A.B. asks: 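Okay, handing you the structure first.
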Amino acid sequence: MTDQKHVGFQDIRDEVINRIQTRVWPQGSLLPTELELAAEFGVARATVNRALRELAEQGIVTRKRKGGTRVVTTPVKQAKLPITVVRQTIEEMNAEYRYALVSRSVIDCPAWLQAKLSIPEGTQVVHLQCMHHADNRPFQFEERWINIEAVPQVVNEDFLTTGPNEWLLSEVPFSNAEIAFSAVPATAPLQDFLSVPPGTPLFQLERTTWFRKDPVTFVRMTFHQGYQMRTTY
């Protein structure tokens, strides 16, 4: 490590992981101080600090003020689940993407969604139903509610050519998200939109996103029969 021309925080992070995995620093052990690691790798203390912060965020080490950095006894693995654009997902499959808006309306937020998002009665939302196809085969049925108070410019968007997910990612950052996964039976209208027999088990993902403290959108995405979602940690 010290022979390298430049040592970045990623190099230090990876070396710390290597030493943990090879039991140089076993579970529960106290790591050298930031100053000691900085001297070993020939970098600024801030570089070491960034590497250790990232490892703490990943659940590999714990950090306490005046208590140092310690390898956790039971490491917590964190799976990464990026918010992707369905168009890009389909194109990465070397398939032709086609989008269709099924319906768009401005409505008072339903009572069940008011409770979920903690927004007052009478709040208006844009309600959308959309279909995404891969090589002209149903890929995903999307049903979405967008909070107009949080995203006022949505009232001027017709979503005829661009899907709401892709539009939102370009228009509004989000600071928090809650995701739920379910297996649901195909009932109307899902059986019609996804071209499956009644009762077919389907993979469904529900996601709520916020910008700071304001709820932005709730979406329910149901995928074609046999769909699998993969992630790594």
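Only a predicted model underlies this, so the values are computations on that prediction, with no experimental measurement involved.
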A.B. asks: Using the side chain to side chain contact (heavy atoms under 4.5 Å, CB included) rule, take W145 and L128 through it: C-alpha gap first, then chi angles, then the decisive distance, then the call.
C.D. replies: CA-CA 6 Å; W145 294 260; L128 300 158; over 6 Å; no
A.B. asks: Can a cation-pi geometry be assigned to R104 and F159, taking NZ or CZ under 6.0 Å from the six-membered ring centre and within 45° of the ring axis?
C.D. replies: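 No.
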A.B. asks: Mind running ring pair (Phe, Tyr, Trp, His ring centres under 6.0 Å) on H132 and Y99 for me, showing each step along the way?
C.D. replies: CA-CA 5 Å; H132 305 272; Y99 161 79; 5.6 Å; yes
A.B. asks: Is a donor from one side chain sitting under 3.5 angstrom from an acceptor on the other, for Q225 and T200?
C.D. replies: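 The criterion, which ignores hydrogens and geometry beyond distance, is not satisfied for T200 and Q225.
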A.B. asks: Is any side-chain heavy atom of R220 less than 4.5 Å from a side-chain heavy atom of F141?
C.D. replies: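 Answer no - side chains too far apart.
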A.B. asks: Can a salt bridge be assigned to the pair E143 and R207 using a cut-off of 4.0 Å between side-chain N and carboxylate O?
C.D. replies: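 No, no charged N to carboxylate O under 4.0 Å.
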A.B. asks: Is any side-chain heavy atom of L194 closer than 4.5 Å to one of Y227?
C.D. replies: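 Counting from C-beta outward, Y227 and L194 never come under 4.5 Å.
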A.B. asks: First locate atom CG of L37, then atom OG1 of T47, and finally report the distance between them rounded to the nearest 0.5 Å.
C.D. replies: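 Here the interatomic distance stands at 11.5 Å.
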A.B. asks: Do L31 and W25 have side chains that approach each other closer than 4.5 Å (heavy atoms only, starting at C-beta)?
C.D. replies: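 Result yes, sub-4.5 Å side-chain heavy-atom pair found.
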A.B. asks: Checking side-chain contact (heavy atoms from CB on, under 4.5 Å) between V48 and each of V7, V16, I12, which is the one that passes?
C.D. replies: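 That would be I12.
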A.B. asks: Just checking, is any N or O donor in the side chain of R144 or T217 under 3.5 Å from an acceptor N or O on the other one?
C.D. replies: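 Yes, T217 and R144 have a side-chain donor paired with an acceptor closer than 3.5 Å.
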A.B. asks: Take the angle between the ring planes of F203 and F223 and call it parallel below 30°, perpendicular above 60°, tilted in between.
C.D. replies: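 Plane angle between 30° and 60°, so tilted.
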A.B. asks: Do NZ/NE/NH1/NH2 and the carboxylate oxygens of R87 and E91 come within less than 4.0 Å?
C.D. replies: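 Salt bridge: yes.
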A.B. asks: At what distance, to the nearest 0.5 angstrom, does OG1 of T69 lie from CG of L55?
C.D. replies: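 T69 OG1 to L55 CG: 9.0 Å, rounded to 0.5 Å.
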A.B. asks: Nearest 0.5 angstrom please: I119 CD1 to D214 CG, how far?
C.D. replies: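 Between atom CD1 of I119 and atom CG of D214 there are 10.5 Å.
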A.B. asks: Checking N147 side chain against P215 main chain: does a donor-acceptor pair fall under 3.5 Å?
C.D. replies: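 Here the side-chain-to-backbone pair exists.
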A.B. asks: Just checking, is any N or O donor in the side chain of Q204 or T222 under 3.5 Å from an acceptor N or O on the other one?
C.D. replies: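 Yes.
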A.B. asks: Could you check if a side-chain atom of V125 sits within less than 4.5 angstrom of a side-chain atom of I146, using non-hydrogen atoms only?
C.D. replies: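 A side-chain contact is absent here, since even the closest heavy-atom pair is not under 4.5 Å.
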A.B. asks: From M221 CE over to E142 CD, what is the distance, rounded to the nearest 0.5 angstrom?
C.D. replies: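 Here the interatomic distance stands at 6.5 Å.
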A.B. asks: Using a 4.5 Å cut-off on heavy atoms from C-beta on, say whether the side chain of V172 contacts that of Q153.
C.D. replies: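 Contact flag for Q153/V172 side chains = yes.
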A.B. asks: Under 6.0 Å between the ring centres of F218 and W112?
C.D. replies: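 When the ring centroids of F218 and W112 are compared, they turn out to be within the sub-6.0 Å range.
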A.B. asks: Who are the salt bridge (Lys or Arg N to Asp or Glu O under 4.0 Å) partners of R45, not counting sequence neighbours?
C.D. replies: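 Once residues adjacent in sequence are excluded, the partners of R45 under the salt bridge (Lys or Arg N to Asp or Glu O under 4.0 Å) criterion are E34.
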A.B. asks: For H224, which residues count as a side chain to side chain donor-acceptor pair (under 3.5 Å) partner, sequence neighbours excluded?
C.D. replies: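 Partners of H224 under the side chain to side chain donor-acceptor pair (under 3.5 Å) test: none.
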